[in-house]
**Student:** 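Below you will find the structure I want to go over with you.
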Protein chains: 2
Amino acid sequence: MSQEQSQRMQSMCESAKAHVDDLLVMLSKSKMLSILYIMNCDKEPMRFSEIKKRVNSSSTTVARRLGELEDYGLVTRTAFATVPATVIYELTEDAITLQPSLESMFEWVLNRADSSV
Amino acid sequence: MSQEQSQRMQSMCESAKAHVDDLLVMLSKSKMLSILYIMNCDKEPMRFSEIKKRVNSSSTTVARRLGELEDYGLVTRTAFATVPATVIYELTEDAITLQPSLESMFEWVLNRADSSV
DNA sequence: GGGACAGGTTACAACATTGTTACAAAAAAA
DNA sequence: TTTTTTTGTAACAATGTTGTAACCTGTCCC
């Protein structure tokens with residue numbers, strides 16, 4: 001890492017602690033990163049049941065996480081009055097800017113997994 | 001994102017789920033991201049008490065998290081037989097290759113924190 | 001009327017995690 | 001001799017989180 005980056009990191013570390021903490025707590029909730037992960041994999045809008053199936057969790061937890069993501073402005077929820085109901089979730093622009101980080105994180109995991117097999 | 005990258009992402013999403021999941025579960029534990037964050041900010045080896053103070057948590061939790069990070073090969077623990085004891089923690093080479101991802105994640109967090117003030 | 005379906009919500013019991021308290025070790029200082 | 005310090009660990013009560021089961025809405029189909 002360059003000196004310049006290092007300094008930026010330094011100053012980043014000194015400020016905005018509370019907000020950072022909030023976000024870290026949110027991202028630390030169970031299935032949260034998984035949801036962002038799978039929505040990141042498959043860029044299409046995704047239905048509730050699809051998300052639930054993919055992260056392998058209960059309706060309750062998935063609903064809770066999606067609600068939190070919506071509150072934080074990371075996903076949008078759109079309901080269609082079809083029969084039966086159709087609700088789709090999409091990452092917001094904001095969430096999409098997080099993609100590169102997640103992606104390189106997952107790549108790191110995979111490289112690691114490869115060399116440890 | 002390019003088509004090629006998208007395809008890479010796709011194939012990543014189909015394999016090695018277990019490993020990714022392991023990492024996500026580990027990173028989701030309380031204070032885990034915070035610990036990596038502060039160790040990332042301040043690249044020097046860090047003492048137990050310093051980490052504890054910075055993440056504002058109990059000895060028990062900090063010890064648990066550091067143990068998990070050590071098990072996972074992301075930090076090394078070095079004890080010196082001084083009086084009183086001195087123990088330092090450092091990110092491993094492996095963790096350092098993960099830094100750019102975490103760093104950009106933290107940057108994303110900070111940008112968001114800023115704009116929500 | 002009675003399903004069936006998607007997409008939830010609510011209540012609650014089961015389970016997991018956290019912090020607190022007590023304790024330990026070792027040597028130097030008071 | 002007692003205190004002080006750092007770095008933990010063990011036990012356990014308090015707290016937080018999860019999944020389960022039940023229920024709900026709205027509409028189409030039989």
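Quick note: numbers below take in every heavy atom, side chains included, and nothing from hydrogens, waters or symmetry partners. Below, read A as the first sequence line, B as the second, and so on, with proteins coming before strands; counting in each chain starts at 1.
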**Student:** Checking contacts here: which listed nucleotide (C:dG7, D:dG26, D:dT27) is nearest the side-chain heavy atoms of A:V83?
**Tutor:**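 Among C:dG7, D:dG26, D:dT27, the one nearest the side chain of A:V83 is D:dT27.
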**Student:** Among C:dG8, D:dG19, D:dT6, which nucleotide has an atom closest to any side-chain atom of A:S59?
**Tutor:** C:dG8
**Student:** In this structure, how many angstroms lie between the C1' atom of D:dT7 and the CG atom of B:L66, rounded?
**Tutor:** 11 Å
**Student:** Between atom CZ in B:R65 and atom P in C:dT17, what is the gap in whole Å?
**Tutor:** 8 Å
**Student:** Expressed as a whole number of angstroms, how long is the span from A:K29:NZ to C:dT17:P?
**Tutor:** 14 Å
**Student:** Using a strict cut-off of less than 4.0 Å between a Lys/Arg side-chain nitrogen and an Asp/Glu carboxylate oxygen, indicate whether A:R47 and A:E50 qualify as a salt bridge.
**Tutor:**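 No, no charged N to carboxylate O under 4.0 Å.
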**Student:** Would you kindly give the NZ-to-P distance between A:K53 and C:dG7, to the nearest whole Å?
**Tutor:** 11 Å
**Student:** What nucleotide, of D:dC28, D:dT17, C:dA6, holds the atom closest to the side chain of A:R47?
**Tutor:** C:dA6
**Student:** Remember a base hit wins even if backbone is also touched, and classify A:S49 as base, sugar-phosphate or nothing at under 4.0 Å, heavy atoms.
**Tutor:**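 Contact class for A:S49: sugar-phosphate only.
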**Student:** Could you check whether any side-chain heavy atom of B:T76 comes within less than 4.5 Å of a side-chain heavy atom of B:E70, counting everything from C-beta outward?
**Tutor:** no
**Student:** Expressed in angstrom and rounded to an integer, what is the separation of B:R64 atom CZ from D:dT7 atom C1'?
**Tutor:**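 Taking atom C1' of D:dT7 as the reference, CZ of B:R64 is at 15 Å.
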**Student:** For DNA chain C, determine which residues of residues 68-79 of chain A have any heavy atom closer than 4.0 angstrom to one of its atoms, and list them numerically.
**Tutor:** A:R77
**Student:** Categorize B:Y89 for me: base, sugar-phosphate, or nothing, with a 4.0 angstrom heavy-atom threshold over every strand shown.
**Tutor:**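 If one applies the 4.0 Å heavy-atom cut-off, B:Y89 turns out to touch the sugar-phosphate alone, with no base involved.
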**Student:** Can you tell me how far P of C:dG7 sits from CE of A:M46, to the nearest Å?
**Tutor:** 13 Å
**Student:** Does the base of C:dT20 carry an N or O that pairs as donor and acceptor with the side chain of B:T60 under 3.5 Å?
**Tutor:**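 Check passes, donor-acceptor contact within cut-off.
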**Student:** Mind checking if A:T82 touches a base, just sugar-phosphate, or nothing, with heavy atoms under 4.0 Å?
**Tutor:**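 Nothing: the residue A:T82, judged by heavy atoms under 4.0 Å, touches no strand.
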**Student:** To the nearest 0.5 angstrom, please state how far the NZ atom of B:K29 sits from the CZ atom of B:R64.
**Tutor:** 9.5 Å
**Student:** Between B:P84 and B:T61, which residue's closest nucleotide on DNA chain C lies nearer the 5′ terminus?
**Tutor:** B:T61
**Student:** In terms of hydrophobic clustering (I, L, V, M, F, W, Y; side-chain heavy atoms under 4.5 Å; direct or indirect links), are B:M26 and B:V20 co-clustered?
**Tutor:**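 Per the 4.5 Å side-chain linkage, B:M26 and B:V20 are co-clustered.
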**Student:** When hydrophobic residues are tied together by side-chain contacts of less than 4.5 Å, even through go-betweens, does A:Y72 share a cluster with A:L91?
**Tutor:**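 Yes, because A:Y72 and A:L91 connect within a single hydrophobic cluster, where side-chain heavy atoms sit under 4.5 Å apart.
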**Student:** For C:dT17, take OP1 and OP2 only and decide whether either is under 4.0 Å from a side-chain N or O of B:S30.
**Tutor:**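 Answer is no, no contact under 4.0 Å.
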**Student:** From CZ of A:F48 over to C1' of C:dT9, roughly how many Å is that when rounded to an integer?
**Tutor:** 10 Å
**Student:** Looking at C:dT18, C:dG7, C:dT17, which one has an atom nearest to any side-chain atom of A:A85?
**Tutor:** C:dG7
**Student:** Without hydrogens or angle criteria, can the side chains of B:T97 and A:W108 be said to hold a donor-acceptor pair below 3.5 Å?
**Tutor:** yes
**Student:** Kindly compute the distance separating CD (B:E93) from CD1 (B:I96), expressed to the nearest 0.5 Å.
**Tutor:**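 Output value for this atom pair is 5.0 Å.
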**Student:** Can you identify which nucleotide, out of D:dG19, C:dC5, D:dG8, has its nearest atom closest to the B:V87 side chain?
**Tutor:**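 Nearest listed nucleotide: D:dG8.
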**Student:** At under 4.0 Å between heavy atoms, what does B:S58 touch on the DNA or RNA strands: base, sugar-phosphate, or nothing?
**Tutor:** base
**Student:** Please report, rounded to the nearest Å, how far the C1' atom of C:dT18 is from the NZ atom of B:K31.
**Tutor:** 11 Å
**Student:** More than 12 heavy atoms of other residues, nucleotides or ligands under 6.0 Å from CG of B:D22: is that the case?
**Tutor:**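 It does: B:D22 CG has more than 12 such atoms within range.
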